[in-house]
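Below: the structure, in structure tokens.
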Amino acid sequence: MPELPEVEVSRLGITPHVLDHVVTKVNIHNASMRWPVPDDVYQLQGLKVTSIERRAKYLLLGCERGSVILHLGMSGNLRVVNADEPLKKHDHIEFVLESGKALRLNDARRFGACLWQAPGECHTLLTKLGPEPLTDDFFAERVYEQSRNKKVPVKQFIMDNAVVVGVGNIYANESLFKAGIHPKREAGKVSLKRYQQLVPIIKDTLAAAITQGGTTLKDFAQSDGKPGYFAQQLLVYGRKGEPCVTCKEPLKEIRLGQRSTVFCANCQK
DNA sequence: CGGTCTACCTGAAAGC
DNA sequence: TGCTTTCAGGTAGACC
């Protein structure tokens, strides 16, 4: 998926077209996403979208009757197009707008989700989430305390939604490289000092990726269809065997939790 | 409880 | 060329 920067780029991209605009029609072309898309989503029809928020990698389109919750999974993508444009393969959910535009959720793998939350409710998926990385709620002392006695490798630890939300495989690899921390190091054995280095690096990396329009690997695009440009700044992800930008040693790849993990054995300890 | 692994799904790329 | 295998940005839920 899109990690947090890609979701935030999507939010920023759709906002001018969708916020304060009336949804005239909701079309569910394929309701079998990660969970069945509930009919509640049709409640948005005829109503104005009054808020567009992001929590972790979830987007919430709010109206007076509740909120549509969207998740992009691994391959999801939001596009704003003219409503008369033909549907593309895997365009599963469509919000037709009074303006003549349409917001479409395309997701080849269907790991994404489209759910509903009534006013005042907090969906169970959202209740156990940890702090947002780009807020002051995410700070080194908190991460350090939470990590004590944890044997899990630090890479998997920072990808844990209960620790901090929004850090996926790409940005976990990148952040640990920049912080000089070996991805396999036990989370409980990383010092406070090193978490004080790592936490700001995670924040800076995510913020820079948002500025660049996210990372386009295969199918991610901004809501206007243009790619993100952060891929050009990736230092380790997808660079197995290539020279480390710092020491020129070939980068190594291992698997942690079934996820590709690229690092420099010389620079990361 | 903590830690580990599977499952969900399509499609591109690599392997043979 | 074509068939098979592997891998991909996520993460809830099952399992030990």
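Reminder, nothing fancy here: chain letters follow the sequence lines and each chain counts from 1.
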Which part of the nucleic acid, if any, lies within contact of [X], taking any heavy atom under 4.0 Å across all strands shown: a base, the sugar-phosphate backbone alone, or nothing?
X        : value
A:Ser260 : sugar-phosphate
A:Tyr171 : nothing
A:Lys128 : nothing

Interatomic distance where [atom1] belongs to [X] and [atom2] belongs to [N] [whole Å]:
X        : N      : atom1 : atom2 : result
A:Asp107 : C:dG9  : CG    : C1'   : 11 Å
A:Arg110 : B:dC9  : CZ    : P     : 6 Å
A:Trp35  : C:dA12 : CH2   : P     : 6 Å
A:Phe230 : C:dG9  : CZ    : P     : 16 Å
A:Asn169 : C:dG10 : CG    : P     : 6 Å
A:Leu72  : B:dC9  : CG    : P     : 19 Å
A:Ile170 : C:dT11 : CD1   : P     : 13 Å
A:Asn77  : B:dT10 : CG    : C1'   : 15 Å

* Asked: Taking the six-membered ring for Trp, are A:Tyr58 and A:His71 parallel (under 30°), tilted (30 to 60°) or perpendicular (over 60°)?
  ->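 Aromatic pair A:Tyr58/A:His71 classed perpendicular.
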Taking the six-membered ring where the residue is Trp, are the ring centres of A:Phe230 and A:Tyr171 under 6.0 Å apart?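 For A:Phe230 and A:Tyr171, the ring centres are under 6.0 Å apart.
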| said: Keeping A:Arg54 on the side-chain end and A:Ala56 on the backbone end, is there a donor-acceptor pair under 3.5 Å? | reply: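 The answer is yes, because a donor-acceptor pair under 3.5 Å joins these two groups.
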- Query: Do any N or O atoms from the side chain of A:Lys189 and from the backbone of A:Lys151 form a donor-acceptor pair under 3.5 angstrom?
  - Reply: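 Here the side-chain-to-backbone pair does not exist.
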For a quick check under 3.5 Å, do A:Glu64 and A:Thr50 share a side-chain donor-acceptor pair by atom type?
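The answer is no; no qualifying pair exists.
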query = Between A:Gln43 and A:Asp40, is any side-chain donor less than 3.5 angstrom from a side-chain acceptor?
reply =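 Yes, a side-chain donor-acceptor pair sits under 3.5 Å.
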Practice prompt. Among C:dA12, B:dG11, C:dG10, find the nucleotide with the atom closest to the side chain of A:Ala108.
Written response: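 Output: B:dG11.
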- Evaluate the side-chain proximity of A:Ile93 to A:Leu70: yes if any heavy-atom separation is below 4.5 Å, no if none is.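 With C-beta onward as the side chain, the pair stays apart.
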| task | Measure distances between side-chain N and O atoms of A:Arg109 and base N and O atoms of B:dC9, and say whether any donor-acceptor pair falls under 3.5 Å. | result |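 Counting by modelled atom types and ignoring angles, a donor-acceptor contact under 3.5 Å is found here.
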Under-4.0 Å side-chain N/O to phosphate OP1/OP2 contact, [X] with [N]:
X        : N      : result
A:His90  : B:dG11 : yes
A:Lys89  : B:dT10 : no
A:Arg259 : C:dT11 : no
A:His71  : C:dT11 : yes

Taking the [atom1] atom in each of [N] and [M], what is the distance between them to the nearest angstrom?
N      : M      : atom1 : value
B:dG11 : C:dA12 : C1'   : 24 Å
B:dC5  : C:dC7  : P     : 16 Å
B:dT6  : C:dT6  : P     : 14 Å

| What stems, by residue range, does DNA chain C take part in, given at least 3 consecutive Watson-Crick or G-U pairs under 3.5 Å? |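 The stems are B:2-8 with C:10-16, B:10-16 with C:2-8.
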- Same cluster for A:Leu234 and A:Ile210 if Ile/Leu/Val/Met/Phe/Trp/Tyr side chains link at under 4.5 Å?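 As far as the 4.5 Å side-chain criterion goes, A:Ile210 and A:Leu234 are connected within one cluster.
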Expected rows: protein N/O vs nucleotides 1-7 of chain B N/O, under 3.5 Å:
unit_1	atom_1	unit_2	atom_2	d
B:dG3	OP1	A:Lys151	N	3.1

Are any of the side-chain nitrogens in A:Arg11 or A:Glu53 under 4.0 Å away from the carboxylate oxygens of its partner?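 No salt bridge links A:Arg11 with A:Glu53.
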For A:Cys264 and A:Cys247, which heavy atoms make the closest approach, and how far apart are they?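 Shortest heavy-atom separation between A:Cys264 and A:Cys247 comes out as SG-SG, 3.6 Å.
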Would you say A:Phe111 stacks on C:dT11, if stacking means ring centres under 5.5 Å apart and planes within less than 30 degrees?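 Answer is no, no stack.
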Check the pair A:Leu198, A:Ile158 against side chain to side chain contact (heavy atoms under 4.5 Å, CB included), reporting the backbone distance first and the verdict last.
CA-CA 10 Å; A:Leu198 177 62; A:Ile158 61 169; 4.0 Å; yes
